[in-house]
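Order of listing sets the numbers, starting from 1, for every ligand and every atom in it. What you see is a predicted model; the values in this text were computed from it and never measured.
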Amino acid sequence: MKNIIIFGAPGSGKGTYSAELVSKYGLGHISTGDVLRGEIKAGSELGKIAKGYIDNGQLIPDALMIDILAATYDKCSGCQGVIFDGFPRTIAQAEALKAMLTERGHDMGVMIELVVPEDVLMARLLNRAVEQGRADDNEETIKKRFEVYNNQTAPLSAWFEKEGIRRVFRWEEHPSKDEMVKAICDSLDA
Ligand code: ATP
Ligand code: MG
């Protein structure tokens, strides 16, 4: 198993770079945001619960999220490895991910952190709002998501650093998509 965790603020490009890595390395892709939006679209019980949190820019409670993640991961058992996109978002989720993988004889692999200034993120998300019409891509909810990210998710960066698997990529150094993809792939191939 060659797992990759892709980490960064809302709009940092987790989904965009995941797609590139999936096609280059033949990995499975677990986007927890996509899983939740699928549940909302299907009108499931889980979707109804998730919608309340997502529309407010809040995180879905850890216990629920951890169950969803484990069930989704076990569906990828035939994969060479998986990209975790949007998970973990809290220290509790990170601890649970590590435990879940250890139980299965797997490991977290590499963590890729995308660092992008907040004004660039805001511009991208407002642009995505026009293109994709996601309910949580409006200025007020985006600001809440940034706050939640800074308070609950950003501290995970140091957690991954302690695990010794964190690699940081800064938008300032790789401002185009192609440059960023190249930098990430060079690092993974080295
Ligand atoms: P990006 O633009 O980089 O792809 P994003 O932060 O805009 O990322 P998603 O990852 O799609 O968006 O997540 C959308 C919402 O789904 C979050 O704001 C949150 O409410 C919920 N969510 C997704 N993953 C998790 C998680 N691991 N824990 C709790 N809530 C989650
Ligand atoms: Mg996403």
Side-chain angles (χ1 to χ4, degrees), residues 3-22 29-42 44 46-73 82-101 108 111-157 159-160 169-171 177 180-181 184:
N3 290 324
I4 297 174
I5 295 166
I6 192 149
F7 180 86
S12 57
K14 299 185 292 291
T16 303
Y17 301 117
S18 292
E20 298 288 331
L21 301 178
V22 162
H29 180 204
I30 299 181
S31 159
T32 45
D34 287 348
V35 170
L36 296 168
R37 283 184 289 276
E39 294 290 333
I40 293 173
K41 213 168 158 208
S44 69
L46 173 58
K48 282 176 201 152
I49 297 169
K51 187 171 167 35
Y53 292 101
I54 291 179
D55 288 354
N56 278 309
Q58 303 299 316
L59 298 181
I60 277 71
D62 284 335
L64 189 56
M65 222 42 239
I66 289 164
D67 285 349
I68 295 170
L69 196 270
T72 312
Y73 185 71
V82 159
I83 300 187
F84 297 99
D85 160 7
F87 190 101
R89 267 176 152 94
T90 62
I91 302 275
Q93 290 183 12
E95 302 277 6
L97 177 65
K98 190 179 172 189
M100 183 203 76
L101 292 169
M108 292 189 288
M111 180 274 214
I112 291 170
E113 177 170 354
L114 305 168
V115 179
V116 183
E118 227 163 74
D119 57 333
V120 176
L121 295 172
M122 180 57 91
R124 285 186 191 173
L125 291 167
L126 291 175
N127 186 48
R128 186 169 79 183
V130 179
E131 285 172 359
Q132 299 178 17
R134 250 174 67 171
D136 57 345
D137 284 343
N138 61 77
E139 194 164 350
E140 191 195 342
T141 311
I142 293 167
K143 282 188 184 148
K144 277 195 213 152
R145 286 157 64 202
F146 285 167
E147 207 181 296
V148 166
Y149 179 80
N150 291 329
N151 291 332
Q152 300 186 54
T153 306
L156 266 176
S157 179
W159 187 92
F160 282 111
F169 298 86
R170 294 177 193 281
W171 175 84
K177 180 184 157 185
M180 183 63 90
V181 170
I184 295 171

Peer 1: In the structure I gave you, are the side-chain heavy atoms of V35 and F87 within less than 4.5 Å of one another anywhere?
Peer 2: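 Contact flag for V35/F87 side chains = no.
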Peer 1: Name the closest protein heavy atom to atom 4 (O) of ligand 1, giving the residue it belongs to and the distance to 0.1 Å.
Peer 2: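 Checked against all protein heavy atoms, atom 4 (O) of ligand 1 sits closest to G15 N, 3.8 Å.
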Peer 1: Are the charged groups of D136 and R128 less than 4.0 angstrom apart, N to O?
Peer 2: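 Looking at R128 together with D136, the answer is no, because their closest N to O distance does not fall below 4.0 Å.
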Peer 1: Distance to 0.1 Å, residue and atom name: give those for the protein heavy atom nearest to atom 30 (N) of ligand 1.
Peer 2: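 So the nearest neighbour among protein heavy atoms is I60 N, 3.1 Å.
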Peer 1: Counting N and O atoms only, with roles assigned by atom type, does the side chain of N56 sit under 3.5 Å from a partner on the main chain of G52, one being a donor and the other an acceptor?
Peer 2: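 Side chain of N56 to backbone of G52: a pair is present.
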Peer 1: Report the part of K14 (side chain from C-beta onward, or backbone N, CA, C, O) that has a heavy atom under 4.0 Å from ligand 1; answer both or neither where that applies.
Peer 2: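 Answer for K14: both.
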Peer 1: Counting only heavy atoms closer than 4.0 Å, does ligand 1 sit against the backbone of K51, its side chain, both, or neither?
Peer 2: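 Within the 4.0 Å criterion, K51 makes no contact with ligand 1.
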Peer 1: Judging by distance only, is a nitrogen or oxygen of S31 under 3.5 angstrom from one on ligand 1?
Peer 2: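 For ligand 1, there is no N or O atom that lies under 3.5 Å from one belonging to S31.
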Peer 1: Could you say whether the N/O atoms of D85 and ligand 1 ever approach to under 3.5 Å?
Peer 2: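 No - when backbone and side-chain N and O of D85 are compared with those of ligand 1, no distance drops under 3.5 Å.
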Peer 1: Counting only heavy atoms not in Q132 (residues, nucleotides, ligands), do more than 12 fall under 6.0 Å from its CD?
Peer 2: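 More than 12 within 6.0 Å, yes.
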Peer 1: Would S12 count as a contact residue for ligand 1, given that I'm defining contact as a non-hydrogen atom of the residue lying under 4.0 Å from a ligand atom?
Peer 2: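 S12: in contact with ligand 1 (<4.0 Å).
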Peer 1: Is the distance from the ring center of Y17 to that of F169 below 6.0 Å?
Peer 2: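 Judged by ring-centre distance (under 6.0 Å), Y17 and F169 do not meet the cut-off.
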Peer 1: Is the closest N or O pair between Y53 and ligand 1 shorter than 3.5 Å?
Peer 2: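 Between Y53 and ligand 1 (N or O atoms, distance only) the closest approach is not under 3.5 Å.
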Peer 1: So is R145 polar-close to ligand 1, meaning N/O to N/O under 3.5 Å?
Peer 2: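 By distance alone, the answer is yes.
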Peer 1: Is R128 touching ligand 1 with its side chain, its backbone, both, or neither, if touching means heavy atoms under 4.0 Å apart?
Peer 2: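 For R128, the contact with ligand 1 is made by the side chain alone.
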Peer 1: For atom 20 (O) of ligand 1, what's the nearest protein heavy-atom neighbour? Residue, atom name and distance, please.
Peer 2: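 Ranked first by proximity to atom 20 (O) of ligand 1 is Q58 O, 2.6 Å.
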Peer 1: Considering only non-hydrogen protein atoms, determine which one is nearest to atom 15 (C) of ligand 1 and report residue, atom name and distance to 0.1 Å.
Peer 2: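 The protein heavy atom lying closest is I54 CG1, 4.0 Å.
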Peer 1: Show which atoms of ligand 1 fall inside a sub-4.0 Å distance from at least one heavy-atom site of Q93.
Peer 2: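 Answer for ligand 1: 26 (C), 27 (N), 28 (N), 29 (C).
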Peer 1: Indicate yes or no: does K51 engage E39 in a salt bridge with an N to O separation below 4.0 Å.
Peer 2: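 Salt bridge flag = no for E39 with K51.
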Peer 1: Tell me which part of L69 gets within contact of ligand 1: side chain, backbone, both or neither, using heavy atoms under 4.0 Å.
Peer 2: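 For L69, there is no contact with ligand 1 at all, from either part.
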Peer 1: May I ask you to identify the nearest protein heavy atom to atom 9 (P) of ligand 1, giving residue, atom name and distance to one decimal place in Å?
Peer 2: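 Its nearest protein heavy-atom neighbour is R89 NH2, 3.6 Å.
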Peer 1: Applying salt bridge (Lys or Arg N to Asp or Glu O under 4.0 Å) between D137 and each of R124, R145, K144, report the one that passes.
Peer 2: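 Among R124, R145, K144, the one that satisfies the salt bridge (Lys or Arg N to Asp or Glu O under 4.0 Å) with D137 is R145.
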Peer 1: Would you check whether L36 has a nitrogen or oxygen atom less than 3.5 angstrom from a nitrogen or oxygen atom of ligand 1?
Peer 2: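 N/O-N/O distance below 3.5 Å does not exist for this pair.
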Peer 1: Are R37 and ligand 1 in contact, using a heavy-atom cut-off of under 4.0 Å?
Peer 2: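 The answer is yes, since R37 has a heavy atom less than 4.0 Å from ligand 1.
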Peer 1: Counting only heavy atoms not in R134, do more than 12 fall under 6.0 Å of its CZ?
Peer 2: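 Yes, the 6.0 Å shell around CZ holds more than 12 heavy atoms from other groups.
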Peer 1: Report the nearest protein non-hydrogen atom to atom 24 (N) of ligand 1: residue, atom name, distance rounded to 0.1 Å.
Peer 2: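 Of every protein heavy atom, T32 OG1, 2.8 Å lies nearest to atom 24 (N) of ligand 1.
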Peer 1: Nearest to atom 12 (O) of ligand 1, what protein heavy atom do you find, and at what distance?
Peer 2: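 Result: R134 NH2, 3.2 Å.
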Peer 1: Would you say the side chain of Y53 lies within less than 4.5 Å of the side chain of P61, judging by non-hydrogen atoms?
Peer 2: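 Yes. Closest side-chain heavy atoms under 4.5 Å.
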Peer 1: Below 4.5 Å, heavy atoms only, C-beta onward: do L64 and I49 meet side chain to side chain?
Peer 2: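 Side chain of L64 against side chain of I49, heavy atoms only: contact under 4.5 Å found.
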Peer 1: For the pair K143 and E139, find out whether any cationic side-chain nitrogen is under 4.0 Å from an anionic carboxylate oxygen.
Peer 2: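 Yes.
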Peer 1: Can you find a heavy atom in the side chain of L69 that is under 4.5 Å from one in the side chain of T32?
Peer 2: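 In contact.
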Peer 1: Within the structure provided, determine whether L114 and I6 are in side-chain contact (heavy-atom separation under 4.5 Å).
Peer 2: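 Side chain of L114 against side chain of I6, heavy atoms only: contact under 4.5 Å found.
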Peer 1: Once you restrict to heavy atoms under 4.0 Å, what part of A9 touches ligand 1? Side chain, backbone, both or neither.
Peer 2: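 A9 to ligand 1: backbone contact only, side chain stays beyond 4.0 Å.
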Peer 1: Ligand 1 and G11, any nitrogen or oxygen pair closer than 3.5 angstrom?
Peer 2: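 Right, the criterion is met.
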